[in-house]
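Throughout, protein chains are lettered first and strands after them, A, B, ... in sequence-line order, and every chain is numbered starting at 1.
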Protein chains: 2
Amino acid sequence: MGQIAPKIASTLSSRITDTLRDAIVTGEIKPGSKISEPKLAEQFEVSRGPLREAIRRLEMMQLVKHVPHEGVRVITLDLPRVLEIYEVREALEGMAAGLAARNMSAAAIDELYGLLDIHEQHIKTSAGEYMQQEGDYDFHYKVIQGSGNQLLIRQLCGELYHLIRMFRNQASQARGRADLALQEHKQLVYAIEQRDPQLAELIMRRHIARSRDNISTRALTT
Amino acid sequence: MGQIAPKIASTLSSRITDTLRDAIVTGEIKPGSKISEPKLAEQFEVSRGPLREAIRRLEMMQLVKHVPHEGVRVITLDLPRVLEIYEVREALEGMAAGLAARNMSAAAIDELYGLLDIHEQHIKTSAGEYMQQEGDYDFHYKVIQGSGNQLLIRQLCGELYHLIRMFRNQASQARGRADLALQEHKQLVYAIEQRDPQLAELIMRRHIARSRDNISTRALTT
DNA sequence: ATACGTATAATTGTTGACAATTAAGAGATT
DNA sequence: AATCTCTTAATTGTCAACAATTATACGTAT
């Protein structure tokens, strides 16, 4: 179907990269913890070579911090750091929405409407929060893809995305915004359909900025 | 002074990363060429281990493309790709300018004025294009730093920057925009000094968009 | 002459051992 | 008791050899 091929990584190093990445993102390996090469190598049943290559990639992804001759530690997402992520997200996804309004195919826009319907059903039946989260991501993912800018796509879907996922899993998250988010999504699709880049960008930026404010204030009250 | 400490990388792997990166960016290693591990290892007089780790980092930096069991090739910056870079740049540096208007210290703003003066002198004495290019980068660099967003800084100064440098060295570049650029820089500093984020962002985005248009049209005529 | 198959060579991927640096702990001194 | 130093242990960084995969070249058949 319209899905991306699963594409099993054919090299050990890249498989380890994916596995380690997910382990960090899901919190299986805890934030701030030191990564021991011998330990992990034994755990994955591989040699340290490919493991180190994987770590170098995660280092560039900002998921771990490397200090020469000391080791690597999993990053910790404190509030200021999360807010920084959302600022970058606002800039990039805003641009993506604008470009999507220019470049997205009619068929892809139809698919967006499909996602809106699914989202609406989930709210009415008050389906699990988890599905909501995933649904939200699917929607943003589709808009980003619609931009057609390969670099933008890779930056957002290949790097920032994992940081955002990590945050979501870490501080299981903001409720009560589901229906508001749906309204904002509807407005966005409308702007894209009207081929109005400026409006699409504005809506997306506000959407993300609200999300950011929500995180910010919620952090203060808890 | 006011410069970042050179900080010699204390590990072979990171030294190779920097050296290789610069070799690619300056065109010493030509775009599209295949990178042979044995050859480079001999050339750098190191083993393949650290070299491969360096390559994995460059891979994440988008400077090389890796195909399992085939090898890595240096990317080629064709026009569509460069335009994509400038779109991302517009989004990120626009955000950076806005944040700079909020967060930049008075001292840092003074330094911006200093750079404007230097830039102006260079134009009057019609100093070398090279200095102009570097000067332009210094200015943008300072604004980005002024944003205070560490993630944004790293994305722009640590990844995109090298792609932009690579493009500049490859297609040695657009002339006659020096004085216009200076005017735009002046406007930007003014907006930052007035603590007007929206205006600062707008000016920066237009500045980069013009640069992009310039590249686009120039590519058509040559 | 061209196309195909096979065998060889070269390159990438992986492993385990070695060297260098840093962290940890025991012991002596103040 | 606390601190400093020296020794030891563990971890990171590097290397060189091995395995697996892909590219190359040669020979053969059509």
Side-chain angles (χ1 to χ4, degrees), chain A residues 5-24 28-76 158, chain B residues 5-24 28-76 158:
Chain A
K7 179 181 141 186
I8 284 121
S10 60
T11 164
L12 244 189
S13 166
S14 45
R15 268 194 301 259
I16 297 172
T17 305
D18 293 348
T19 309
L20 236 184
R21 166 170 55 63
D22 288 347
I24 290 173
E28 190 180 329
I29 302 179
K30 289 192 184 63
S33 65
K34 187 175 181 326
I35 286 185
S36 164
E37 291 180 7
K39 209 172 292 179
L40 267 187
E42 190 190 16
Q43 190 171 327
F44 286 141
E45 292 180 315
V46 294
S47 144
R48 278 178 52 222
L51 177 61
R52 283 176 64 92
E53 292 186 21
I55 292 176
R56 294 295 92 86
R57 282 196 270 240
L58 298 180
E59 181 191 343
M60 290 290 110
M61 284 195 214
Q62 319 259 5
L63 284 174
V64 298
K65 187 168 157 50
H66 171 85
V67 181
H69 296 109
E70 282 188 21
V72 297
R73 306 191 85 89
V74 177
I75 57 152
T76 57
Chain B
K7 180 184 147 184
I8 284 120
S10 60
T11 164
L12 243 188
S13 165
S14 44
R15 267 194 302 260
I16 296 173
T17 305
D18 294 347
T19 309
L20 235 185
R21 165 168 56 62
D22 287 346
I24 290 173
E28 191 179 328
I29 302 178
K30 290 191 183 63
S33 65
K34 186 175 182 327
I35 286 185
S36 162
E37 291 181 7
K39 210 172 289 179
L40 267 187
E42 189 189 17
Q43 190 170 328
F44 285 141
E45 292 179 316
V46 294
S47 141
R48 279 177 51 219
L51 177 61
R52 281 175 67 92
E53 292 186 21
I55 291 175
R56 295 294 92 87
R57 281 196 272 239
L58 298 179
E59 181 191 343
M60 290 290 110
M61 285 195 214
Q62 320 259 6
L63 284 174
V64 298
K65 186 168 158 49
H66 171 85
V67 180
H69 296 108
E70 282 189 18
V72 297
R73 306 191 85 90
V74 178
I75 57 152
T76 58

Report each atom pair, protein N/O against N/O of nucleotides 15-21 of chain D, whose distance is under 3.5 angstrom.
from: D:dC15; atom 1: OP2; to: B:Ser47; atom 2: N; distance (Å): 3.1

Protein and nucleotides 5-9 of chain D: nitrogen or oxygen contacts under 3.5 angstrom:
none

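If you take CG of B:Leu40 and C1' of C:dA10, they are 16 Å apart, rounded to a whole angstrom. Taking atom CZ on B:Arg73 and atom P on C:dT12, their separation rounds to 11 Å, with Å as the unit. Atom CD of B:Glu37 and atom P of C:dT14 are 11 Å apart (whole Å). Straight-line distance from the CD atom of B:Glu53 to the P atom of C:dT15: 15 Å, rounded to whole Å. Per the geometry, CD belonging to A:Glu42 stands 15 Å off C1' belonging to C:dG16, to the nearest Å. Remark: C1' of C:dT14 and CZ of B:Arg56 are 12 Å apart, rounded to the nearest angstrom. If you measure from atom CZ of B:Arg52 to atom P of C:dT14, you get 7 Å, rounded to the nearest angstrom.
Backbone-only contact: A:Ile35 has heavy atoms under 4.0 Å from sugar-phosphate atoms and none from a base. Across all strands shown, B:Lys39 has no heavy atoms under 4.0 Å from either base or sugar-phosphate atoms.
From B:Leu20, atom CG reaches atom CG of B:Leu63 across 9.5 Å, with rounding to the nearest 0.5 Å. To the nearest 0.5 Å, atom CG of residue B:Leu12 and atom CZ of residue B:Phe44 are 10.5 Å apart.
Listed by chain and number, the residues in a side-chain contact (heavy atoms from CB on, under 4.5 Å) with B:Ser36 are B:Pro38, B:Lys39 (sequence neighbours excluded). Every residue two or more places apart in sequence or in another chain that forms a side-chain contact (heavy atoms from CB on, under 4.5 Å) with B:Gln43 is listed here: B:Leu40. Under the side chain to side chain donor-acceptor pair (under 3.5 Å) criterion, A:Arg57 pairs with A:Ser13, A:Thr17, B:Glu59, not counting sequence neighbours. The salt bridge (Lys or Arg N to Asp or Glu O under 4.0 Å) search around A:Arg52 returns A:Glu37, B:Glu53, not counting sequence neighbours.
Counting only heavy atoms from C-beta on, A:Glu70 has its side chain closest to C:dT22 among D:dT12, C:dT14, C:dT22.
Between A:Lys34 and the phosphate of C:dA23, there is no side-chain N or O to OP1/OP2 separation shorter than 4.0 Å. Note on B:Thr11: a side-chain N or O is less than 4.0 Å away from OP1 or OP2 of D:dT14.
Annotation: side-chain hydrogen bond (donor to acceptor under 3.5 Å, both in side chains) contacts involving residues 65-76 of chain A, sequence neighbours excluded, comprise A:Arg56-A:His66.
Counting heavy atoms from C-beta on, the side chains of B:Gln62 and B:Ile75 never come closer than 4.5 Å. With contacts defined as side-chain heavy-atom distances shorter than 4.5 Å, the pair A:Lys30/A:Val74 does not qualify.
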